[in-house]
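What follows is a set of notes on a single structure, which appears directly below.
So you know, we letter chains A, B, ... as the sequences are listed, proteins then strands, and number each from 1.
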Amino acid sequence: MPELPEVENYRKYLEGTSLGKTIGELWIDDARLTKPGKKIFSNRLKKNRFTSVSRIGKYLFVNLANGGCMVMHFGLTGNLSFFNNREDQPKYTRVLFQFTDGSYLAYICKRKFGWLSYEKNLEQYLANSRLGIDATQLTFKDFFEKISGRNAPVKSLLLDQSIAAGVGNWIADEILYQSKIHPETKTKSLERKEIRTLFNKLKKIIEISLKTEANYDKFPKHFLIHNREPGGKCYYTGKPLIRIVVGGRGSFISPTIQIKK
DNA sequence: ACAGCCTCCTGACGGC
DNA sequence: TGCCGTCAGGAGGCTG
């Protein structure tokens, strides 16, 4: 699923393919995926141009020539595809932009958990949203202040986009595995040293993910992601990983290394 | 403010 | 083979 490094790939992809082109026409498959509504979204985007694209966490912000902004979120199954022939349109295309030079950009989303929104004022949008600091910009001080003393399971806070924007389910599992901390640990029971470890692992994992452009095969061998599936075994112990549910999220752990306090 | 639960959606998968 | 029930999961909204 698209988390910070995957969404960064989409950012570069959109930047490399679609900037500067004028949108001639667009098709919206399901009105619920566009905010504030199909009609307004469509009217604001038509004849407009993408001028630049930035990212915070799992959100893309596509700046438009009229001063507005298109916010993109990819949910669980979102993706982008740029092509020149209509017959190359991928399955599950939910929004299709046709540029005046005849090329296309498709927003694909099989399970419709993603969405696109038109915002007149990005600053105002961000001020009203719960979106926090991108995980790459997060400092230990911010992280420590936001999580220390909290009663929630540590995994739930790692997934909280107002704390470290961009961390999703696989990255959270990876951080906890490499930190040797059980996802259900009450955050307030963690020592400062453990919070430091979580922070360092978070930074390192994101750094490697960005450097390899989320190509998991290039991740170091000890990473959980290589074995993060039913029947997978722990790189360190050779014993089976187990799947538990924490805060409603499927979580893979190595039970002899990640022990609940 | 915080924690926890529910909802949205649909392909994949297992059981019969 | 085919039908049906169950599951996954990010984020936003609601509740206590």
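A side chain to side chain donor-acceptor pair (under 3.5 Å) with A:Lys155 is found for exactly one of A:Thr185, A:Thr187, A:Asn169, namely A:Asn169.
Taking the nucleotide of DNA chain B with the nearest heavy atom to each of A:Arg94 and A:Asn151, the more 5' of the two is matched to A:Asn151.
Between the side chains of A:Trp27 and A:Gln89, no donor-acceptor pair is found at a separation under 3.5 Å. Side-chain contact, A:Ser52 with A:Asn63: a donor N or O sits under 3.5 Å from an acceptor N or O.
Look at CZ on A:Arg249: it is 11 Å from C1' on B:dC6, rounded to the nearest Å. Regarding A:Trp115, its CH2 atom lies at a distance of 10 Å from the C1' atom of C:dG12, rounded to whole Å.
The aromatic ring centroids of A:Tyr118 and A:Tyr125 lie 6.0 Å or more from each other. When ring centroids are compared, A:Tyr107 and A:Phe97 stay outside the 6.0 Å threshold.
Relative to the ring axis of A:Phe61, A:Arg55 does not place its NZ or CZ within 45° and under 6.0 Å from the centre.
Using a 4.0 Å cutoff on non-hydrogen atoms, the parts of residues 152-162 of chain A near DNA chain B are A:Ala152, A:Pro153, ordered by number.
With hydrogens and angles ignored, no donor-acceptor pair closer than 3.5 Å exists between the side chain of A:Arg130 and the base of C:dG12.
Considering only the side chain of A:Tyr59, C:dG12 comes nearest among B:dT10, C:dG12, B:dA3. Counting only heavy atoms from C-beta on, A:Met1 has its side chain closest to C:dG10 among B:dC9, B:dG4, C:dG10. Relative to the side chain of A:His73, the nucleotides B:dC9, C:dG12, C:dG10 differ in distance, and C:dG10 lies closest.
Across all strands, A:Arg150 comes closer than 4.0 Å only to sugar-phosphate atoms, never to a base (heavy-atom distances).
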